[in-house]
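Every chain is numbered from 1, with letters handed out A, B, ... down the list of sequences. Values reported hereafter were calculated over all heavy atoms of this structure, with side chains retained and with hydrogens, waters and symmetry mates removed.
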Protein chains: 2
Amino acid sequence: MTTVTSSRDLPHPAREEIRLEAVLHALSDPMRLQIVRELATDGGELTCSHFDLPVTKSTTTHHFRVLRESGVIRQVYRGTAKMNGLRRDDLDDLFPGLLGTLLGAAARQAGRLGGA
Amino acid sequence: MTTVTSSRDLPHPAREEIRLEAVLHALSDPMRLQIVRELATDGGELTCSHFDLPVTKSTTTHHFRVLRESGVIRQVYRGTAKMNGLRRDDLDDLFPGLLGTLLGAAARQAGRLGGA
DNA sequence: CCCGTACTACGAGGTTTATCGTAGGAGCAG
DNA sequence: CTGCTCCTACGATAAACCTCGTAGTACGGG
């Protein structure tokens with residue numbers, strides 16, 4: 001049972017290699033924070049093309065790579081599509097509560113800025 | 001009772017102007033994260049010169065300014081010294097639990113990397 | 001008034017970053 | 001095989017960032 005999901009493989013940092021500074025830097029970009037927020041509310045995996053960001057496709061690819069290389073998301077090919085998912089398990093293990101608090105803070109700010 | 005602490009005043013963002021992205025960006029630099037960690041463990045106010053960072057004085061000034069302009073710390077002159085303190089009240093109000101979780105994550109990583 | 005201490009302002013250098021456009025590879029439907 | 005869709009790689013550009021050194025300001029002590 002070799003469970004081949006795809007042929008192309010993408011480099012991810014191991015759990016112990018994830019650095020807090022890199023995670024914070026990754027999330028300090030509005031575009032990337034938005035991506036992570038959508039991934040969190042969905043809960044599962046989303047394709048790159050699902051996101052409708054106000055930047056070109058090239059730039060979107062760049063942001064996804066920053067998120068992956070910092071250890072925030074996991075990316076895997078499925079056919080021609082590339083699925084993206086939060087590394088919730090790893091992040092919660094390394095930094096308990098961080099992801100949740102961060103998402104809460106982002107939601108709070110979004111409500112404050114965009115809300116009535 | 002005019003409680004004049006100093007003549008020079010430094011520009012701080014108001015509480016509602018503090019942006020999560022700016023806070024995360026400020027804390028994504030190892031030097032600044034270190035500063036914030038020391039300020040947190042101390043609890044009170046510390047002078048700039050108290051910190052012994054592996055960079056020049058100019059660079060240290062720069063980092064303190066980034067922290068102030070992002071709303072993470074409050075700076076005030078007291079004589080020739082400049083006192084630095086965390087804006088715990090404002091941050092806790094805007095982003096409940098964020099500062100604590102962030103400091104916890106930083107401590108955890110420091111223990112993991114530097115510890116036995 | 002002069003000097004020392006504490007911090008800043010400004011400019012420069014080198015790296016990183018965000019963004020784009022074009023060209024191209026990998027998989028799937030005919 | 002042909003085409004289509006999804007995504008990537010590369011190069012370019014302009015902005016931002018970290019770092020430094022030098023010169024300078026503000027305050028307090030003698």
Side-chain angles (χ1 to χ4, degrees), chain A residues 3-12 19 21-36 38-39 45-85, chain B residues 3-12 19 21-36 38-39 45-85:
Chain A
T3 57
V4 171
T5 317
S6 171
S7 50
R8 291 172 286 178
D9 260 358
L10 295 160
H12 289 76
R19 301 277 273 110
E21 293 90 330
V23 171
L24 296 184
H25 171 246
L27 298 180
S28 71
D29 182 281
M31 226 60 88
R32 293 194 288 261
L33 186 57
Q34 178 59 29
I35 291 174
V36 169
E38 287 192 35
L39 282 176
E45 295 184 322
L46 293 173
T47 64
C48 289
S49 53
H50 167 268
F51 297 85
D52 191 28
L53 302 173
V55 292
T56 64
K57 234 57 167 71
S58 298
T59 306
T60 304
T61 297
H62 159 70
H63 285 310
F64 274 106
R65 180 167 36 173
V66 172
L67 285 171
R68 171 171 45 86
E69 291 179 347
S70 67
V72 176
I73 69 171
R74 193 169 351 245
Q75 292 189 295
V76 68
Y77 281 104
R78 189 120 53 205
T80 72
K82 191 190 216 169
M83 306 307 294
N84 303 276
Chain B
T3 57
V4 172
T5 318
S6 171
S7 51
R8 291 172 287 178
D9 261 358
L10 296 159
H12 290 76
R19 300 279 271 108
E21 294 91 330
V23 172
L24 297 183
H25 171 246
L27 297 180
S28 70
D29 182 280
M31 225 62 85
R32 293 193 289 258
L33 186 56
Q34 178 60 29
I35 291 174
V36 169
E38 288 191 36
L39 282 176
E45 293 186 323
L46 294 173
T47 65
C48 288
S49 53
H50 167 268
F51 296 85
D52 191 28
L53 302 172
V55 292
T56 64
K57 234 53 167 71
S58 300
T59 306
T60 303
T61 297
H62 159 71
H63 285 311
F64 273 105
R65 181 168 34 176
V66 172
L67 285 171
R68 185 189 72 240
E69 291 179 346
S70 67
V72 176
I73 68 172
R74 189 167 358 241
Q75 293 189 295
V76 68
Y77 281 104
R78 187 118 54 203
T80 73
K82 192 191 218 170
M83 307 307 293
N84 303 277

Starting at atom [atom1] of [X], determine the distance to atom [atom2] of [N], rounded to an integer number of angstrom.
X: A:F64; N: D:dC6; atom1: CZ; atom2: P; value: 14 Å
X: B:L46; N: C:dC7; atom1: CG; atom2: P; value: 11 Å
X: A:Q75; N: D:dC7; atom1: CD; atom2: C1'; value: 10 Å
X: B:N84; N: C:dC7; atom1: CG; atom2: C1'; value: 11 Å
X: A:L53; N: C:dA18; atom1: CG; atom2: C1'; value: 13 Å
X: B:I73; N: C:dC7; atom1: CD1; atom2: C1'; value: 13 Å
X: A:E21; N: D:dC17; atom1: CD; atom2: P; value: 18 Å
X: A:R65; N: D:dC7; atom1: CZ; atom2: P; value: 15 Å

- Item | Where A:L39 and A:I73 come nearest, the two heavy atoms and their spacing |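 Closest approach of A:L39 to A:I73, heavy atoms only: CD1-CG2, 3.7 Å.
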- Is there a donor-acceptor contact under 3.5 Å from the side chain of B:N84 to the main chain of B:L46?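 Pair found, side chain donor or acceptor close to backbone of B:L46.
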Please determine if a side-chain N or O atom of [X] lies less than 4.0 Å away from the OP1 or OP2 oxygen of [N].
X: A:R78; N: D:dC6; answer: no
X: B:T59; N: D:dC20; answer: yes
X: A:H63; N: C:dT19; answer: yes
X: A:T80; N: C:dA26; answer: no

Describe the nucleic acid contact of [X] in one word from base, sugar-phosphate, nothing, applying a heavy-atom distance below 4.0 Å.
X: B:T61; answer: base
X: B:H62; answer: base
X: A:T60; answer: nothing
X: B:H25; answer: sugar-phosphate

- Non-hydrogen side-chain atoms of A:T59 and A:M31 separated by less than 4.5 Å: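 No, too far: nothing below the 4.5 Å cut-off.
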- Task: Report yes or no: is there a donor-acceptor pair, N or O only, under 3.5 Å between the side chain of B:S58 and the base of D:dG21?
- Result: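 In this structure, the two groups form a donor-acceptor pair.
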